[in-house]
**Q** 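Right, I'll just put the structure down here and ask away after.
Throughout, a chain's letter reflects where its sequence line sits, starting with A, and its residues are numbered from 1. In this text, all values refer to a predicted model and were calculated from it rather than measured experimentally.
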Amino acid sequence: MTSDTSVPASASTISDVAPEIAPIVLDLEGNASTEATPEAPAEGLQERDLQVRLKSEGGKLLLMLPPEMETEAENPASSLTWSEVLQQLKQRLNAGERLWLADTSVHLIARDRLLDGRQLQAIADALTDAQLRLTRVYTSRRQTAVAAATTGYSVEQQSSIAQLNPSGESAQAMEEPLYLQTTLRSGGDVRHDGTVIILGDLNPGSSVVATGDILIWGRLRGTAHAGAKGNAQCLIMALQMEPNQIRIADFVARAPENPPAQHYPEVAYVAPQGTIRIARALEFSRAQAVGDRK
Amino acid sequence: MSRVIVVTSGKGGVGKTTTTANLGMALAKRGRKVIVIDADFGLRNLDLLLGLENRVVYTAVDVLAGQCRLEQALVKDKRYPTLMLLPAAQNRTKDAVKPDQMKQLVNALTKAFNYVLVDCPAGIEMGFQNAIVAAKEALIVTTPEIAAVRDADRVIGLLEANNIKQVRLIINRLRPAMVQANDMMSVADVQEILAIPLIGVVPDDERVIVSTNKGEPLVLSEIPSLAGTAFDNIARRLEGETVEFMDLSVPNDGLLTRLRKMFSTKLF
């Protein structure tokens, strides 16, 4: 029997006192568990959460910019500003540098984002720094198309938003996993509709939101939210689990007040009784092999 | 070839300006031509710390507005003439200057100086963007507190995204006795989070306050101080020398510390 099933009596008492966020409670074996909190934010990933994405397809890279939220244009908090987009692009390029062959051509999918010649040049420069080459621009805005053509890229103007943004509201398969080799520092924010794999540390103040699993090959000291669209089967794994807060689907847990003296690779999952538990990676996979989970 | 170094931290009050003033002075003492730029438009302090307030005639904004030539705005230090200050305007705000203009300004200065030190304002908004735009290197100043370290971490991330790769760490206002009692983050604790090379550790020292108020950077002081020596060492490391880190562990008898305290209270 695995050691992660015994819940100490104190677990429920603590969560009664502070029902908003329950702490992860260490049990006798050094594993942790927590009470569920129904109020946990499970809004999932919405269109406004879209980030700069790089996706390889048929020997070229697609660079997708987040859309501009025209309906809320007067509210700067609702969509990314140009400088934030550019910064995100640079960070993503740094984090995946060695995954692309030099001189790969890049197709920019600008959607409805308005780009002038200078901004296009900034994107092209950032790509050149990563030894990539901007060749083609897809856009639904006439001004962007004109700017791109003037700068000398081949342009494809598509009028229909739906055509550019095929991800409808219907249930869909997740995106391919996002792989990043980077240290995510305070303020760093990764959102992805799929599984996220990070080779590096998550520093305090950073956050990762994924609709799939989250794998951290390093220290997890920020906030991680797996299964953000509500899949409680999702997992969070880290070589060293010291999170501020972890969320799986709509369950929330915070770190225990007294961190364990020693760290092992650990896995966080939602136990059948509706609590987030943490188990050592070795024991977790063994337990899974005998079908103990679920 | 001149080096453009921005001194930044994210959080305010950790000692960016003090560090800039002391490093500028220490480098000038070693015969380098140094220009310190106050990029904190609207809240300028660097001229005070250098004791040059009453010599400021024109500011960077006047230069950009075309009201004077760049050379006219530069203030020569009264002690070491190889140290110059480009003061910030006090009557404008950070939005008065654009990154492009700042870059132009710094590039115009690189020809005449060995070092261009830019004193960055706190925060990560326009003032920060202005200060880092022309820099090739950065010195991150932090104190051993979680808030300062968290902000420093954020700033390091932003610098990386802006292609400033040479980033080094100064831990300021360390109190060895508190570290020993486990009441303060140690150098190792800070480094564990920030994971960038360390270029200096400056102990907390009351005399820094005195020197700030007098407008005389500590590195000029006749009486050697730990903080002053620490800044001197950072300047030497910037120059490429290998300098051992000072032993800041607390002496067992505490006699030296007590003597120094008595001495400094009598003086001031």
**Q** Chain B heavy atoms under 4.5 Å from A:Asp129: which part of the residue, side chain, backbone, both or neither?
**A**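 Side chain of A:Asp129 only, per the 4.5 Å heavy-atom cut-off to chain B.
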**Q** Counting heavy-atom pairs under 4.5 Å to chain B, which of A:Gly205, A:Pro204, A:Gly187 comes out on top?
**A**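 Ranked by contacts with chain B, first place is A:Pro204.
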**Q** Determine the minimum heavy-atom distance between B:Ala161 and A:Gln87, stating which atoms define it.
**A**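 Scanning both residues completely, I find the closest heavy atoms to be CB-CG, 3.7 Å.
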**Q** Using non-hydrogen atoms and a 4.5 Å limit, figure out which bit of B:Asp151 sits close to chain A: side chain, backbone, both or neither.
**A**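 For B:Asp151, neither part sits under 4.5 Å from chain A.
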**Q** If you take all heavy atoms of A:Arg185 and B:Ile193, which pair is closest and at what distance?
**A** NH1-O, 4.1 Å
**Q** With a 6.0 Å cut-off (strictly less than), is the heavy-atom count around NZ of A:Lys60, excluding the residue itself, greater than 12?
**A** yes
**Q** Apply the side-chain contact (heavy atoms from CB on, under 4.5 Å) test between A:Asn203 and each candidate in B:Asp153, B:Val149, B:Leu194; give the one that qualifies.
**A**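 Running side-chain contact (heavy atoms from CB on, under 4.5 Å) over B:Asp153, B:Val149, B:Leu194 with A:Asn203 returns exactly one hit, B:Asp153.
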**Q** Around atom CZ of B:Arg175, are there more than 12 heavy atoms from other residues, nucleotides or ligands closer than 6.0 Å?
**A** no
**Q** Roughly how far, to the nearest 0.5 Å, is the CG atom of A:Asn94 from the NZ atom of B:Lys165?
**A** 5.0 Å
**Q** Is the number of heavy atoms from other residues, nucleotides or ligands under 6.0 Å of A:Gln143 CD greater than 12?
**A**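 For A:Gln143, atom CD is crowded (more than 12 foreign heavy atoms under 6.0 Å).
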**Q** Other residues, nucleotides and ligands only: do more than 12 of their heavy atoms fall within 6.0 Å of CG on A:Leu199?
**A** yes
**Q** Out of curiosity, B:Glu160 CD to A:Lys90 NZ, how far, rounded to the nearest 0.5 Å?
**A**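 If I round to the nearest 0.5 Å, the distance is 13.0 Å.
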**Q** I'd like to know whether CZ of B:Arg173 has more than 12 heavy-atom contacts from other residues, nucleotides or ligands below 6.0 angstrom.
**A**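 Check fails, neighbour count at 12 or below.
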